[in-house]
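First up is the structure itself, then whatever we jot down about it.
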Amino acid sequence: MLEKRELYIGDLPAEDGTLPDTYSAEDKYKMWMRHRYNSCAACILDLLQHSSFSNQELALCTLMKFIQLEGKFPLENSEWKDSYRFPRELLKFVIDNLLQEEADCTLLITRFQEYLEYDDVRYYTMTVTNDCVSRVQQKNKLVLPPVFQTNVFCLLSSINIPVEESALGNFLVTKNVNNEDWKPSKLKDHKRVFERVWMIFLKHQLSVSLYKKVLLILHESILPHMSKPTLMIDFLTAAYDVGGAISLLALNGLFILIHQHNLEYPDFYKKLYSLLEPSVFHVKYRARFFHLANMFLSSTHLPVYLVAAFAKRLARLSLTAPPQVLLMIIPFICNLIRRHPACRVLIHRPSAGDLATDPYIMEEQDPAKSQALESSLWELEVLQQHYHGDVVRAANVISRPLSAQESDISGLLEISSCELYDKEMKKKFKSVPLEYEPVRGLLGLKSDITAQHFTF
């Protein structure tokens with residue numbers, strides 16, 4: 001009926017209202033059919049909350065088909081020259097049902113993700129999501145319900161903005177007109193609305209788990225597609241000050257803002273230094289943290305006291321670190337010394353020292369006051385007596401002159417204890433000694449084998 005234009009086109013009068021005599025019988029019939037179409041769409045919208053996911057999925061696909069047909073055969077008179085009306089109202093109802101306040105709709109949103117590949121659907125989805133977040137915010141007195149936050153994040157994280165404007169051209173609604181001034185066909189308009197909806201969402205207090213999920217995708221899926229990435233400075237600096245895993249995950253975004261957008265963050269290295277705690281060796285973001293820490297400490301213009309403080313703190317933490325971490329930490333420390341020859345005093349100081357006489361102040365949070373340059377890396381010498389052979393070989397590097405070539409630690413960042421165990425299990429030994437001293441017999445004769453004893 002949409003294709004045959006058998007539904008009323010224009011502003012639809014209320015169904016219970018009295019129509020003037022100026023309307024023909026055909027117009028009244030088309031109005032009645034238009035109301036039936038609206039009732040049909042409302043019933044299908046209700047099915048988006050059905051207990052059966054297959055019914056939800058079928059209802060979603062049907063509504064998106066309606067949107068496609070309404071775009072091709074508009075039910076409203078076009079008021080824009082050389083353009084057309086996108087059925088934004090129907091899409092708004094779909095998005096409102098996907099972003100429930102009490103029901104988890106992430107599975108259905110995942111199904112909706114395929115429609116976000118259409119540039120017009122993506123653009124208008126972001127605009128109606130923006131309106132939906134603002135409406136729920138006012139309804140709940142500036143607090144977003146946790147389930148609603150999860151649904152919004154699932155939807156926003158599914159949005160992929162094209163890198164180049166030439167990639168825009170995949171539209172759900174067929175166009176037969178010039179669309180040069182149409183916003184969904186402009187990359188800058190996509191970025192602008194993308195930036196707006198994320199900024200409105202992130203200004204609210206998020207749960208810790210959602211906070212982590214946002215920071216995990218921020219540097220790859222959000223910042224590159226924003227018109228002004230520097231708008232994220234407040235969010236990232238606040239996350240960096242939280243501490244723990246939140247601060248570790250904020251490093252990625254801060255790295256982009258510092259290196260690409262000239263962000264000046266006071267006491268950045270002081271905060272990075274304070275993140276070096278024993279727990280950092282056991283979080284699942286360990287590889288990412290040390291990869292970024294290596295990049296932040298790669299500059300040869302850093303003060304010597306600062307580099308020495310990082311090297312000394314890592315060395316002290318290594319005393320209680322697991323072997324898979326030590327295989328990465330020891331080359332990490334040696335690379336710091338290679339980049340800053342003035343730190344070689346840490347491994348060449350005659351008196352190695354110990355915990356009792358070490359002037360280094362482990363509890364000091366300011367690297368400038370830690371007295372690291374007055375200390376030495378005696379901890380690496382202690383690791384030469386480690387029970388794991390690979391750790392011993394790595395620690396023995398300081399007993400020889402350090403080469404100028406830095407060690408590549410990229411392959412050591414994600415090494416696990418299981419990998420170390422499997423490596424040991426694959427080793428083949430020709431002979432395993434079972435005695436501390438070789439057996440010579442009871443009377444010291446080689447032929448006397450009857451009195452051999454075995455010591456285990």
Side-chain angles (χ1 to χ4, degrees), residues 64 67 86-101 104-106 108-140 142-163 165 167-168 170-172 182-207 210-236 238-239 253 256-257:
M64 296 308 296
I67 290 175
F86 184 90
R88 186 177 184 273
E89 194 67 21
L90 183 54
L91 180 64
K92 174 182 176 299
F93 291 139
V94 173
I95 299 302
D96 287 347
N97 278 272
L98 291 178
L99 302 180
Q100 291 288 314
E101 297 183 36
D104 187 347
C105 300
T106 53
L108 191 58
I109 292 173
T110 304
R111 180 65 178 84
F112 180 73
Q113 184 176 355
E114 69 174 68
Y115 294 102
L116 294 175
E117 297 300 321
Y118 295 103
D119 300 320
D120 48 355
V121 175
R122 182 194 312 116
Y123 177 83
Y124 287 111
T125 294
M126 291 187 290
T127 60
V128 297
T129 300
N130 197 3
D131 297 338
C132 182
V133 172
S134 300
R135 184 175 64 257
V136 174
Q137 169 188 333
Q138 295 177 357
K139 175 184 174 183
N140 294 276
L142 304 180
V143 178
L144 298 181
V147 176
F148 177 77
Q149 288 183 354
T150 302
N151 290 332
V152 173
F153 173 76
C154 182
L155 179 62
L156 295 182
S157 61
S158 302
I159 296 175
N160 297 315
I161 303 294
V163 179
E165 189 162 330
L168 294 173
N170 182 25
F171 301 109
L172 178 68
W182 191 44
K183 289 184 177 181
S185 64
K186 298 291 184 180
L187 183 59
K188 64 178 183 180
D189 290 305
H190 275 263
K191 288 188 173 183
R192 188 178 296 115
V193 69
F194 177 82
E195 176 182 275
R196 188 185 308 125
V197 69
W198 270 111
M199 293 302 299
I200 288 180
F201 176 62
L202 294 180
K203 75 177 183 180
H204 298 90
Q205 183 176 359
L206 306 177
S207 63
L210 198 57
Y211 216 151
K212 293 179 181 179
K213 291 179 181 179
V214 171
L215 292 172
L216 277 171
I217 67 170
L218 187 69
H219 64 291
E220 291 182 346
S221 303
I222 301 178
L223 287 178
H225 304 303
M226 295 181 66
S227 300
K228 298 179 180 179
T230 51
L231 292 175
M232 282 290 182
I233 289 177
D234 291 339
F235 175 78
L236 284 170
I256 293 176
L257 294 181

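Residues take their numbers from the sequence shown, with the count starting at 1.
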With Phe153, the side chain to side chain contact (heavy atoms under 4.5 Å, CB included) member among Leu202, Leu206, Val214: Val214

Could you tell me if the side chain of [Y] sits less than 4.5 Å from the side chain of [X], heavy atoms only?
{"X": "Lys203", "Y": "Gln137", "result": "yes"}
{"X": "Leu223", "Y": "Pro229", "result": "yes"}
{"X": "Tyr123", "Y": "Thr127", "result": "yes"}
{"X": "Leu236", "Y": "Leu215", "result": "yes"}
{"X": "Leu91", "Y": "Ile95", "result": "yes"}
{"X": "Leu231", "Y": "Met199", "result": "yes"}
{"X": "Asp96", "Y": "Arg135", "result": "yes"}
{"X": "Leu108", "Y": "Gln100", "result": "no"}

Side-chain donor/acceptor of [X] to backbone N/O of [Y], under 3.5 Å:
{"X": "Asn97", "Y": "Phe93", "value": "yes"}
{"X": "Asn130", "Y": "Val197", "value": "no"}
{"X": "Asn151", "Y": "Cys105", "value": "yes"}
{"X": "Arg122", "Y": "Asn160", "value": "yes"}
{"X": "Ser157", "Y": "Cys154", "value": "yes"}
{"X": "Asp119", "Y": "Phe171", "value": "no"}

Inter-residue atom distance [X].[atom1] - [Y].[atom2], 0.5 Å rounding:
{"X": "Lys186", "Y": "Arg192", "atom1": "NZ", "atom2": "CZ", "result": "11.5 Å"}
{"X": "Lys191", "Y": "Met126", "atom1": "NZ", "atom2": "CE", "result": "12.0 Å"}
{"X": "Thr150", "Y": "Leu155", "atom1": "OG1", "atom2": "CG", "result": "12.5 Å"}
{"X": "Ser207", "Y": "Leu144", "atom1": "OG", "atom2": "CG", "result": "11.5 Å"}
{"X": "Arg196", "Y": "Thr129", "atom1": "CZ", "atom2": "OG1", "result": "12.5 Å"}
{"X": "Asp120", "Y": "His190", "atom1": "CG", "atom2": "NE2", "result": "8.0 Å"}

Worked check of side chain to side chain contact (heavy atoms under 4.5 Å, CB included) between Tyr115 and Thr125: CA-CA 10 Å; Tyr115 294 102; Thr125 294; over 6 Å; no

Ring geometry between His225 and Phe194 (parallel below 30°, tilted from 30 to 60°, perpendicular above 60°): perpendicular

Trp198 and Phe201 aromatic ring geometry - parallel, tilted or perpendicular at 30°/60° bounds: perpendicular

Over 12 foreign heavy atoms within 6.0 Å of CD, Gln205: no

Tyr118 ring center within less than 6.0 Å of Tyr124 ring center: no

Residues His204 and Gln149: side-chain donor-acceptor under 3.5 angstrom: no

Please find the pair of heavy atoms, one from [X] and one from [Y], that lie closest to each other, and give the distance.
{"X": "Phe148", "Y": "Cys132", "value": "CE1-SG, 3.9 Å"}
{"X": "Asn140", "Y": "Val143", "value": "CB-O, 2.9 Å"}
{"X": "Leu98", "Y": "Ile109", "value": "O-CD1, 3.8 Å"}

Steps toward side chain to side chain contact (heavy atoms under 4.5 Å, CB included) verdict (Val193, Lys183): CA-CA 10 Å; Val193 69; Lys183 289 184 177 181; over 6 Å; no

